[in-house]
Chemist: 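Submitted below is the structure of interest, expressed as structure tokens.
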Amino acid sequence: MYLELINLFRTKRKYSNEIKPQPPASSEEIMHAEQQTGIRFPQELRDLLLEMNGDCNLFFSLAEITDYSACQYSENYPPGSLLFFGGDGAGNLFAYQVKESKAVAGEIYLWNHEIAVFGPKENELEFQAVSLTELLQDYYNTCYQETL
């Protein structure tokens with residue numbers, strides 16, 4: 001489902017050569033990343049990773065998810081409070097909030113690095129989408145300023 005949508009954007013857009021879906025992760029690799037981060041991934045992220053282990057653009061690979069989620073980017077969000085799984089290419093990161101060691105599905109946020117450093121800290125997370133599908137469509141429609 002996700003790979004199909006990514007490939008649709010890749011084939012229908014003028015400047016989409018930077019979107020490069022990677023070979024899928026295995027269930028074992030996903031479980032290992034969950035153990036490393038101490039966070040249970042939402043099913044939709046697991047499903048995406050089973051189709052492609054990142055796309056070198058919007059979505060991170062498992063290794064990147066593990067690395068990004070281990071760091072503290074804000075005094076409001078210590079490691080383990082956000083599961084970062086993607087970025088916008090400008091330093092902002094997409095994340096799920098984590099509660100009781102589980103990433104909360106249905107609420108995807110953009111962590112804004114400039115607000116985290118310079119702005120009112122309570123505004124550094126901005127709601128973006130209710131699902132990865134919605135995020136993916138909105139992101140690529142905005143990036144290429146043309147809807148499919």
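As the structure is a prediction and not an experimental result, all values here were calculated from the model.
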Chemist: Roughly how far, to the nearest 0.5 Å, is CD of Glu107 from NZ of Lys99?
Modeler: 6.0 Å

Chemist: Would you say Gln72 and Tyr77 make side-chain contact, with heavy atoms under 4.5 Å?
Modeler: no

Chemist: Can you check side chain to side chain contact (heavy atoms under 4.5 Å, CB included) on Leu110 and Leu93, steps first, answer last?
Modeler: CA-CA 6 Å; Leu110 179 71; Leu93 303 172; 5.9 Å; no

Chemist: Go through it in stages, so that I can follow the logic: the residues are Leu82 and Val98, the test is side chain to side chain contact (heavy atoms under 4.5 Å, CB included), and I'd like the CA-CA distance, side-chain angles, deciding distance and then a yes or no.
Modeler: CA-CA 5 Å; Leu82 295 173; Val98 176; 5.6 Å; no

Chemist: Is it true that Ser131 and Glu134 share a donor-acceptor pair across their side chains at a distance under 3.5 Å?
Modeler: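 Absent: no donor and acceptor within the cut-off.
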
Chemist: For residues 41-56, run the donor-acceptor check on the side chains, cut-off 3.5 Å, and write out each pair with its distance to 0.1 Å, sequence neighbours left out.
Modeler:
from: Gln43; atom 1: NE2; to: Asp47; atom 2: OD1; distance (Å): 2.7
from: Glu44; atom 1: OE1; to: Leu132; atom 2: N; distance (Å): 3.0
from: Glu44; atom 1: OE2; to: Tyr96; atom 2: OH; distance (Å): 2.7
from: Arg46; atom 1: NH1; to: Glu34; atom 2: OE1; distance (Å): 2.8
from: Arg46; atom 1: NH1; to: Glu34; atom 2: OE2; distance (Å): 2.9
from: Glu51; atom 1: OE1; to: Met1; atom 2: N; distance (Å): 3.0
from: Glu51; atom 1: OE1; to: Tyr2; atom 2: N; distance (Å): 3.0
from: Glu51; atom 1: OE1; to: Leu3; atom 2: N; distance (Å): 2.7
from: Glu51; atom 1: OE2; to: Met1; atom 2: N; distance (Å): 2.9
from: Glu51; atom 1: OE2; to: Tyr2; atom 2: N; distance (Å): 3.4
from: Asn53; atom 1: OD1; to: Leu62; atom 2: N; distance (Å): 2.7
from: Asp55; atom 1: OD1; to: Asn57; atom 2: N; distance (Å): 2.9
from: Asp55; atom 1: OD1; to: Leu58; atom 2: N; distance (Å): 2.8
from: Asp55; atom 1: OD1; to: Phe59; atom 2: N; distance (Å): 2.8
from: Asp55; atom 1: OD2; to: Tyr140; atom 2: OH; distance (Å): 2.9

Chemist: If we ignore hydrogens and angles and just use 3.5 Å, is the side chain of Asn92 paired with the main-chain N or O of Asp88 as donor and acceptor?
Modeler: no

Chemist: Grab the two heavy atoms, one from Thr66 and one from Thr37, that are nearest each other, plus how far apart they are.
Modeler: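 Heavy atoms only, the tightest pair is CA-CG2, 3.9 Å.
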
Chemist: Can you measure from CZ (Phe127) to CD (Gln97) and round to the nearest 0.5 angstrom?
Modeler: 11.0 Å

Chemist: Using the ring-ring contact (aromatic ring centres under 6.0 Å, His included) rule, take Phe60 and Tyr68 through it: C-alpha gap first, then chi angles, then the decisive distance, then the call.
Modeler: CA-CA 9 Å; Phe60 294 156; Tyr68 274 97; 4.4 Å; yes

Chemist: Side-chain donor-acceptor pair under 3.5 Å between Asp138 and Gln128, yes or no?
Modeler: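 Asp138 vs Gln128: no donor-acceptor pair found between side chains.
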
Chemist: Which atom pair, heavy atoms only, marks the closest approach of Ser81 to Pro78?
Modeler: OG-O, 2.6 Å

Chemist: How long is the gap from CG on Leu136 to CD1 on Ile6, to the nearest 0.5 Å?
Modeler: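 The CG atom of Leu136 sits 4.0 Å away from the CD1 atom of Ile6.
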
Chemist: Evaluate side chain to side chain contact (heavy atoms under 4.5 Å, CB included) for Phe84 paired with Phe94, printing each intermediate quantity in order.
Modeler: CA-CA 6 Å; Phe84 295 109; Phe94 293 104; over 6 Å; no

Chemist: Starting at CD of Gln137, measure out to CG of Leu8 and round the result to the nearest 0.5 Å.
Modeler: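 Here the rounded value is 9.0 Å.
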
Chemist: With no hydrogens and no angle check, is any side-chain donor or acceptor of Gln22 less than 3.5 Å from a backbone partner on Lys20?
Modeler: yes

Chemist: Would you sort out whether Glu126 and Tyr109 count as a side chain to side chain contact (heavy atoms under 4.5 Å, CB included), showing the intermediate values?
Modeler: CA-CA 5 Å; Glu126 179 183 337; Tyr109 293 89; 5.9 Å; no

Chemist: For the hydrophobic clusters of this structure (ILVMFWY residues joined by side-chain heavy atoms under 4.5 Å, transitively), does one cluster hold both Ile65 and Val104?
Modeler: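 No, because Ile65 and Val104 fall into different hydrophobic clusters, even though each may have its own neighbours under 4.5 Å.
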
